[in-house]
There are 2 protein chains.
Amino acid sequence: MTKPISTKEKLLQAGRELFWTRGYSNVSVRDITGAAGVDAALVSRYFGGKQGLFEATLADLPPWDVLASDREGLLAKAVESFAQPYDPQTDLVNPFMLLLANVIDPVMGDKIRAFVQQGLAAPLAEKLGSAQAQERAAMLLAVLFGVALIRKNFQIQGLADKSPEALRAQITALARAALEFEP
Amino acid sequence: MTKPISTKEKLLQAGRELFWTRGYSNVSVRDITGAAGVDAALVSRYFGGKQGLFEATLADLPPWDVLASDREGLLAKAVESFAQPYDPQTDLVNPFMLLLANVIDPVMGDKIRAFVQQGLAAPLAEKLGSAQAQERAAMLLAVLFGVALIRKNFQIQGLADKSPEALRAQITALARAALEFEP
DNA sequence: TAGGGATGTCAACAAGTGTTGACGACTCCT
DNA sequence: AGGAGTCGTCAACACTTGTTGACATCCCTA
């Protein structure tokens with residue numbers, strides 16, 4: 001007996017998936033409600049509007065487990081989460097792609113920037129704690145976002161078509177350069 | 001006596017600037033024509049429509065000078081073009097941002113992907129010519145796009161607020177790791 | 001001077017957008 | 001049984017979107 005999914009949850013799920021792939025303004029309310037099999041008016045009722053639904057999906061992002069690891073296992077964990085193939089259920093690249101696909105948006109850009117700044121860059125720098133913590137954190141994020149972008153969005157051979165093992169080696173090389181940076 | 005700018009050129013200029021910052025579907029025809037000080041109907045007349053104007057700006061991108069350099073100067077040149085501050089006239093990060101801002105678009109995504117694949121990744125791999133050319137090319141692009149993304153779009157401290165000299169050192173470290181990658 | 005092609009202006013169109021309010025069906029508590 | 005609260009459905013709204021066609025204006029040529 002599968003437990004019934006509330007329509008609020010249906011909307012969150014469909015919204016997350018569509019916002020992730022196509023970006024905020026390329027997704028209409030009717031696209032979401034159509035995918036969720038729900039009436040279009042319910043977005044405004046439950047979330048106060050399209051914007052509210054987007055912010056809900058943003059607030060709903062799973063925590064980045066790299067931030068929960070100790071300093072030693074940080075690199076391995078960061079690499080691992082990006083070397084995995086895409087899994088729609090418990091995907092860790094997903095949150096990054098959602099952020100990636102919506103920075104450009106004139107409406108949501110500020111919220112995305114704030115989220116990345118406060119939720120990713122700042123805690124990462126604090127965890128590193130070294131002298132060049134801020135630089136290294138920014139560089140690591142650049143590497144991770146860049147790899148995700150090249151793989152998922154640009155789909156360029158040499159990164160998009162690699163096995164998890166091969167990817168691990170490639171990402172490790174870049175991430176290590178970021179984390180060991182000396183001016 | 002400044003030579004008069006044709007309205008076709010005005011449209012190309014305004015279109016490029018807006019598409020670059022906000023992405024294809026976040027820019028309306030009236031936005032562009034408003035910025036250019038031109039009637040909205042002229043986009044359809046000159047370019048056959050909004051889509052035609054976008055493709056024109058894409059075809060109008062300046063060539064990436066890294067592809068014209070020899071193998072030795074490649075790293076230095078790639079780093080240099082990304083360490084410069086933003087210059088609206090002869091900016092080399094600009095083309096990358098235009099691509100970056102529009103991969104997600106459901107209409108233009110395919111064209112962008114094809115452009116990056118054929119215009120950047122493939123010639124770059126050919127120029128490298130080594131055994132892991134394809135991997136290294138993809139990794140270099142990941143690094144460069146990632147840095148541009150973190151700087152311009154996410155505006156994260158540690159990369160966004162650095163002088164050209166500091167940036168050069170940081171990007172070089174990452175690009176070297178990409179180009180010297182051994183499996 | 002007449003004609004024609006390019007160039008710009010204006011109003012309007014059909015389609016799609018997010019959102020709202022009225023209405024009905026349902027469940028739960030007293 | 002009655003009433004209240006929740007949930008979903010439907011039609012309609014005001015607005016923006018890209019595009020089109022008719023008209024006016026200019027400039028060059030025959």
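Residue numbers start from 1 in every chain, and the chains themselves are labelled A, B, ... in the order their sequence lines are given, proteins ahead of strands.
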Residues D60(A), T57(A); criterion side-chain hydrogen bond (donor to acceptor under 3.5 Å, both in side chains); working and verdict
CA-CA 5 Å; D60(A) 197 39; T57(A) 68; over 6 Å; no
For [N] and [X] - does any side-chain N or O of the residue sit under 4.0 Å from the phosphate oxygens OP1/OP2?
X: T7(B); N: dG8(C); result: yes
X: Y46(B); N: dA6(C); result: no
X: S28(A); N: dT17(C); result: yes

To the nearest Å, how far apart are [X] [atom1] and [N] [atom2]?
X: L11(A); N: dG18(C); atom1: CG; atom2: C1'; result: 14 Å
X: D31(B); N: dC15(D); atom1: CG; atom2: P; result: 18 Å
X: K8(A); N: dG8(D); atom1: NZ; atom2: P; result: 12 Å
X: Y24(A); N: dT17(C); atom1: OH; atom2: P; result: 13 Å
X: L53(B); N: dT19(D); atom1: CG; atom2: C1'; result: 14 Å
X: Q51(A); N: dT17(C); atom1: CD; atom2: C1'; result: 15 Å
X: L42(B); N: dG18(D); atom1: CG; atom2: C1'; result: 14 Å
X: I5(B); N: dG8(C); atom1: CD1; atom2: C1'; result: 17 Å

Taking the side chain as C-beta and beyond, is there a heavy-atom pair between L149(A) and L100(B) under 4.5 Å?
yes
If you take all heavy atoms of A125(A) and A133(A), which pair is closest and at what distance?
O-CB, 3.4 Å
Tell me whether the rings of F82(A) and F96(A) are parallel (<30°), tilted (30 to 60°) or perpendicular (>60°).
perpendicular
Measure up the F54(A) and F19(A) rings against each other and bin them: parallel (under 30°), tilted (30 to 60°), perpendicular (over 60°).
perpendicular
Whichever of R45(A) and A40(A) has the more 5' nearest nucleotide on DNA chain C, that residue is A40(A)
Closest-nucleotide 5' rank along DNA chain C - winner of A41(B) and K50(A)
A41(B)
Over all strands shown, is F47(A) touching base, sugar-phosphate only, or nothing at heavy-atom distances under 4.0 angstrom?
nothing
Which nucleotide, dT20(C), dG18(C), dT9(C), lies nearest any side-chain atom of V29(A)?
dG18(C)
With distance as the sole criterion, do the side chain of R30(A) and the base of dG16(C) form a donor-acceptor contact below 3.5 Å?
no
